[in-house]
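Right, one structure below, let's go through it.
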Amino acid sequence: MATALTQEEAMRLFEYRDGALYWKERPRSDFKTDLAWKQWNPKHAGKRAGCWSGHHVTTAINGVHYPLARIIFLWHHGYLPEIVDHADCNPQNNDINNLRAATKAENQRNAGMFAHNTSGVKGVVWSKAAKKWLARVKFKGITKHLGTFKSKDDAAEFVQLAREMLHGQFANHGIYKGV
């Protein structure tokens, strides 16, 4: 079983610049065989680390794949929280100012609008039965029904206020916050 990545090892392996990690020159002792040494060196030294893997940019260290956001957070803060959240919801933006420690619940609160949303407003749906707009927000695993509204704008305003109160800095109104 591989040991957990440490800040010391991350700083030894990488240089951080402008939201990205770059491989540093590595000593021969990092490699178990001459073949591994020849395959790595010198083509990786100075190159940007990571490749796109699903939802995040990752890289492998000692056979373990790590999202670069986690390595960057560790590199700067010295510890790995449960989750590293991208404040602007852009998983390609690994600038340290965009990364923050989060729980799984906080990370979910920062999610954007679901693709199947038909109202165009996160947390607002049309009720055919009531012929009104329903406002709702999820908190601590429970969907809270906030009320019905004649106007979609009123429902949107109410749900946004509730989300800000309940979700704090992780409130995301369904708008992509990236650049």
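Atom set for the values below is all heavy atoms of this structure, side chains included, hydrogens, waters and symmetry mates excluded.
- Ring planes of His167 and Phe139: parallel class, angle under 30° (limits at 30 and 60°).
- Gln160 has its side chain within reach of Arg163: a pair of non-hydrogen atoms, C-beta onward, lies under 4.5 Å apart.
- Proximity of Ile71 to Leu21: side-chain heavy atoms (C-beta onward) are separated by under 4.5 Å at one or more points.
- For His173 and Glu164, the side-chain atoms include at least one donor-acceptor pair closer than 3.5 Å.
- In the hydrophobic clustering of this structure, Trp52 groups with Trp23; members are Ile, Leu, Val, Met, Phe, Trp, Tyr whose side-chain heavy atoms approach within less than 4.5 Å, directly or through other members.
- Applying the side chain to side chain contact (heavy atoms under 4.5 Å, CB included) test between Asn110 and each of Asp85, Ile83, Asp88 identifies Asp85 as the sole match.
- Counting heavy atoms from C-beta on, the side chains of Gln7 and Trp75 never come closer than 4.5 Å.
- Val159 is not listed as a side-chain neighbour of Lys122, based on a closest heavy-atom distance of 4.5 Å or more.
- Distance check: Thr59 OG1 to Arg70 CZ gives 14.5 Å after rounding to the nearest 0.5 Å.
- Distance check: Lys138 NZ to Lys144 NZ gives 12.0 Å after rounding to the nearest 0.5 Å.
- Here the closest heavy-atom approach between residue Ile72 and residue Gly19 is recorded as CD1-O, 3.8 Å.
- With hydrogens and angles left out, the side-chain atoms of Asn94 and His86 include a donor and acceptor closer than 3.5 Å.
- Side-chain contact between Pro67 and Phe73 is absent, with no heavy atoms from C-beta onward closer than 4.5 Å.
- At least one side-chain heavy atom of Ile61 sits under 4.5 Å from a side-chain heavy atom of Phe14.
- Between His76 and Tyr16, some side-chain heavy-atom pair lies under the 4.5 Å cut-off.
- Both Leu5 and Tyr79 are members of a single hydrophobic cluster when ILVMFWY side chains are connected at heavy-atom separations under 4.5 Å.
- With Phe170 as the aromatic partner, Arg100 meets the cation-pi criteria of under 6.0 angstrom to the ring centre and within 45 degrees of the ring axis.
- Taking all atoms of both residues into account, the shortest heavy-atom contact from Asn172 to Cys89 is ND2-SG, 3.0 Å.
- Between the side chain of Thr6 and the backbone N or O of Glu9 there is at least one donor-acceptor pair closer than 3.5 Å.
- Under the 4.5 Å side-chain heavy-atom criterion for grouping Ile, Leu, Val, Met, Phe, Trp and Tyr, Tyr22 is not connected to Leu99 through any hydrophobic cluster.
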Do Lys104 and Glu106 pass the salt bridge (Lys or Arg N to Asp or Glu O under 4.0 Å) test, and can you show the C-alpha distance, the side-chain angles, and the key distance before you say yes or no? CA-CA 6 Å; Lys104 186 174 181 180; Glu106 289 168 334; over 6 Å; no

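- Only one option out of Ser119, Ser127, Ser151 pairs with Trp133 in a side chain to side chain contact (heavy atoms under 4.5 Å, CB included); it is Ser119.
- Across every non-hydrogen atom of Ala162 and Val137, the tightest pair is CB-CG1, 4.4 Å.
- The two atoms that bring Val121 and Ala156 nearest to each other are CG1-CB, 3.5 Å, heavy atoms only.
- Put simply, the side chain of Leu68 does not reach to within 4.5 Å of the side chain of Thr58, judged on heavy atoms.
- If you chain together hydrophobic residues whose side chains sit under 4.5 Å apart, Leu134 and Phe149 never meet in one group.
- Remark: the Asn97 side chain and the Asp95 side chain contain an N/O donor-acceptor pair separated by less than 3.5 Å.
- The line from SG of Cys51 to NE2 of His56 is 13.5 Å long, rounded to the nearest 0.5 Å.
- Across all non-hydrogen atoms, the minimal contact from Pro81 to Ala102 is CB-N, 4.5 Å.
- When all heavy atoms of Pro91 and His55 are compared, the pair lying nearest together is CB-O, 3.2 Å.
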